[in-house]
Amino acid sequence: MTASRILPGTGRGPVLAMQTGLSFWGGVDPDSGGVIDAQHPARGEAMAGRVVLMPNSRGSCSGSGTMLELALNGCAPAALIFAEHEDVATLGALIAALVFDRPVPVLRAGPKAFTRLSRCDSIEITEDAIFGHGADPVTLPLTEPAQPEPALSPTDRAMLAGEAGPAAALAMQVILRMARLQGASRLIDVTRGHVDGTILANQANLIFAEKLAAMGAQVRIPTTINAISVDRQNWQRQGVPPVFGGQAARLADAYTAMGCRPSFTCAPYQLDDLPKAGEMIAWAESNAVVYANTVLGARTPKHPDYLDLCIALTGRAPLAGVYLDAARRPGCVLQIAAPDAADDALWPLVGHLAGLLSPDTVPLLRGLEGLNPSTDDLRAVCAAFGTTSAAPMLHVAGVTPEAHLPPLPDAPHHAVSRDDLARAWQSLNDGPDRVDLVAIGSPHASARECRSLAAALDGQRVQVPTIVTTGRGVVAELADGTAEALHRAGVQLLPDLCWCSMTEPVFPPDTTAVMTDSGKYAHYGPGLSGRKLRFGSLRDCAQAALTGRAADLPDWLRDDERTA
């Protein structure tokens, strides 16, 4: 049995052992440390002060911000013990220790040690050992993981020495620490970045961004900004509380002051000048990362929040993960029994299930070759996959550009039946039949999706609040008459923020149940909003907007349709 120290520190506490990875963002309350992911077996458990064991984290890159917030407000776990390599929560704990002197020990245990420790009632971590207490006590010496020193260029050394200013020096310290943990032999140049920590989901994001901006930080590569928590130009007229709105605006302004482009979208792949196949980039935001690797063939690991900014400030990233050819090969194969007559709800369901079946490895999806998915379909599968898996990409046979890569020799094969798809639909439809809000745009809606919604409404006026979140560039595209048609139908079009960052009163406070076409929001929405969610196709959402009623299980998933 083996265990190694990833980040130093001591601690003790009762054990919270999870056999399924958890997204810290959207899965953990940053104010209390409670597990709020409605889909997770540990929902309702408290992480604060406990030694938390899980195989890996999953889901959003923003989990590092949640981890930092927990450390700053005194609600952090006593320690984190992972069974596999993990970056997101580890990076949050690294920033807490390095920048704010709030260390949280992070360890990695081998399979046998992880199993034994998971059975303990409490765990104590000292400088050189782990002591598990309970009916099956265990004592494990702590070793230092092999962390080769990455080769540095003269420019790297100059930045590390402070010649480019204190912010770049701090950024290089963070990058080098992560490079050692990832086993990177050197750093590489990246051409562009996308930073994710722009949502005011916690005070840690604002504290970190303003600290770096005050240090004179300036990005060295073209860098776009994720969605924020308010409509930057109109929040004062939307009833947003001045304190929250002002802080959200300050957070956005801190990043623009550092030279980032005020794109304010979680779908940077909808902007002009897309990354090219094979281009080394540094994106955060899970759906964007998965889309960039999967659909565009660009290369970017799922960089945690804060590391993304550090890379943008230096233009350098650890050569690890899917920057390397070997890490892009499929580690499992999923055979999807996809119905021929399925609607667009199929793709989020497939992504959701693919992530559950490949929580930490790149999957190859077969059985979808003849369906001719649109870019919106691929966006939906990538976004849903990014909520349930830690992997930064997937392959769709016959569709995505690297699906020809051979699976690893020991890659397991799994069959995904229509019954599996039906059960996934049911798991995302925990809400009542009657809905009082329709949510479109998680990730940000495309112009095509907005036009399809307008066509589905067919000139009729919605009967329940219907909100579409999207990027500024898409809003400009909709000046072709689509924006006006949606306005006449009673649909509210909101730029800059997205559903995963929307707060009351922009999110209608009297809402009890929400209908969405997003697998991502159907997963995160219950925990983030406290409301029940219903999920379906875009046409289902249009009908719900007109009638206030959610759609039933679609015909293409019904037993009688499959056995006819």
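Sequence positions, counted from 1, serve as the residue numbers for this chain. Small disclaimer: the values here were computed from a predicted structure and weren't measured.
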L98/R177 under side chain to side chain contact (heavy atoms under 4.5 Å, CB included): CA gap, chis, key distance, verdict: CA-CA 10 Å; L98 185 62; R177 188 63 179 269; over 6 Å; no
Reported CZ-to-CG distance for the pair F24 and L80, which is rounded to 0.5 angstrom: 5.0 Å
Under 3.5 Å donor-acceptor, T265 side chain and G471 backbone: no
Sub-4.5 Å side-chain heavy-atom contact between D189 and M280: no
Contact summary for N293 and R299, nearest pair of heavy atoms: OD1-CA, 3.4 Å
Full working for side chain to side chain contact (heavy atoms under 4.5 Å, CB included) between M47 and L70: CA-CA 10 Å; M47 296 176 66; L70 294 173; 5.5 Å; no
Check: H194/T224 side-chain N/O donor and acceptor closer than 3.5 Å: yes
Minimum heavy-atom distance between V289 and P301, given as atom pair plus value: CG1-O, 3.7 Å
Heavy-atom neighbours of R12 CZ exceed 12 at 6.0 Å: no
S389 side chain to S358 backbone, donor-acceptor under 3.5 Å: yes
Donor-acceptor contact below 3.5 Å, side chain N73 vs main chain P30: yes
Heavy-atom check, side chain of S229 versus side chain of S501, under 4.5 Å: yes
Distance-only donor-acceptor check, side chains S62 and D305, under 3.5 Å: yes
CA sep, side-chain torsions, deciding dist, call: L117, L140, side chain to side chain contact (heavy atoms under 4.5 Å, CB included): CA-CA 10 Å; L117 291 169; L140 296 172; 4.0 Å; yes
L170 side chain near V99 side chain, heavy-atom distance below 4.5 Å: yes
Stepwise side chain to side chain contact (heavy atoms under 4.5 Å, CB included) check, L176 with L152: CA-CA 9 Å; L176 286 176; L152 299 182; 3.3 Å; yes
Whether S23 side chain and W25 backbone form a donor-acceptor pair below 3.5 Å: yes
Value rounded to 0.5 Å, distance of CG in N287 from CZ in F385: 12.5 Å
Side-chain (D308) to main-chain (Y306) donor-acceptor, under 3.5 angstrom: yes
Taking every non-hydrogen atom, the tightest pair across M172 and L160: CB-CD1, 3.9 Å
Side chain S529, main chain G525, donor-acceptor under 3.5 Å: yes
Close side-chain approach of P443 to Y269, heavy-atom, < 4.5 Å: yes
Polar side-chain atom of Q492 near backbone of I467 as donor-acceptor pair, under 3.5 Å: no
Exam field: side chain T387 to backbone S60, donor-acceptor pair closer than 3.5 Å: no
Contact summary for L142 and I125, nearest pair of heavy atoms: CD1-CG2, 4.1 Å
Close side-chain approach of E86 and I6, heavy atoms under 4.5 Å: no
Nearest-0.5 Å distance that lies between atom OG1 in T469 and atom CG in D496: 10.5 Å
W499 and Y521 aromatic ring geometry - parallel, tilted or perpendicular at 30°/60° bounds: tilted
Salt-bridge present (E84, R58; N to O < 4.0 Å): no
Under 3.5 Å: donor-acceptor pair, side chain of E477, backbone of R472: no
Value rounded to 0.5 Å, distance of OG1 in T90 from CZ in R108: 7.5 Å
Nearest-0.5 Å distance, CD1 of residue I311 to CZ of residue R316: 11.0 Å
Closest approach of V474 to S446 (non-hydrogen atoms, all atoms of both residues): CG1-C, 3.9 Å
Pairing of K520 and E285 as salt bridge, 4.0 angstrom limit: yes
Pair R250 + D253: basic N to acidic O under 4.0 Å: no
Any side-chain heavy-atom pair of P222 and R261 under 4.5 Å: no
D87 side chain to H85 side chain, donor-acceptor N/O pair below 3.5 angstrom: yes
Nearest-0.5 Å distance, CG of residue D31 to CG of residue N202: 8.5 Å
Any side-chain heavy-atom pair of V104 and L7 under 4.5 Å: no
D273 side chain near R192 side chain, heavy-atom distance below 4.5 Å: yes
Closest non-hydrogen atom pair between V295 and C382, with its separation: CG2-SG, 4.1 Å
N/O donor-acceptor pair under 3.5 Å between S263 side chain and I225 backbone: yes
Between Y255 and N226: side-chain donor-acceptor atoms closer than 3.5 Å: no
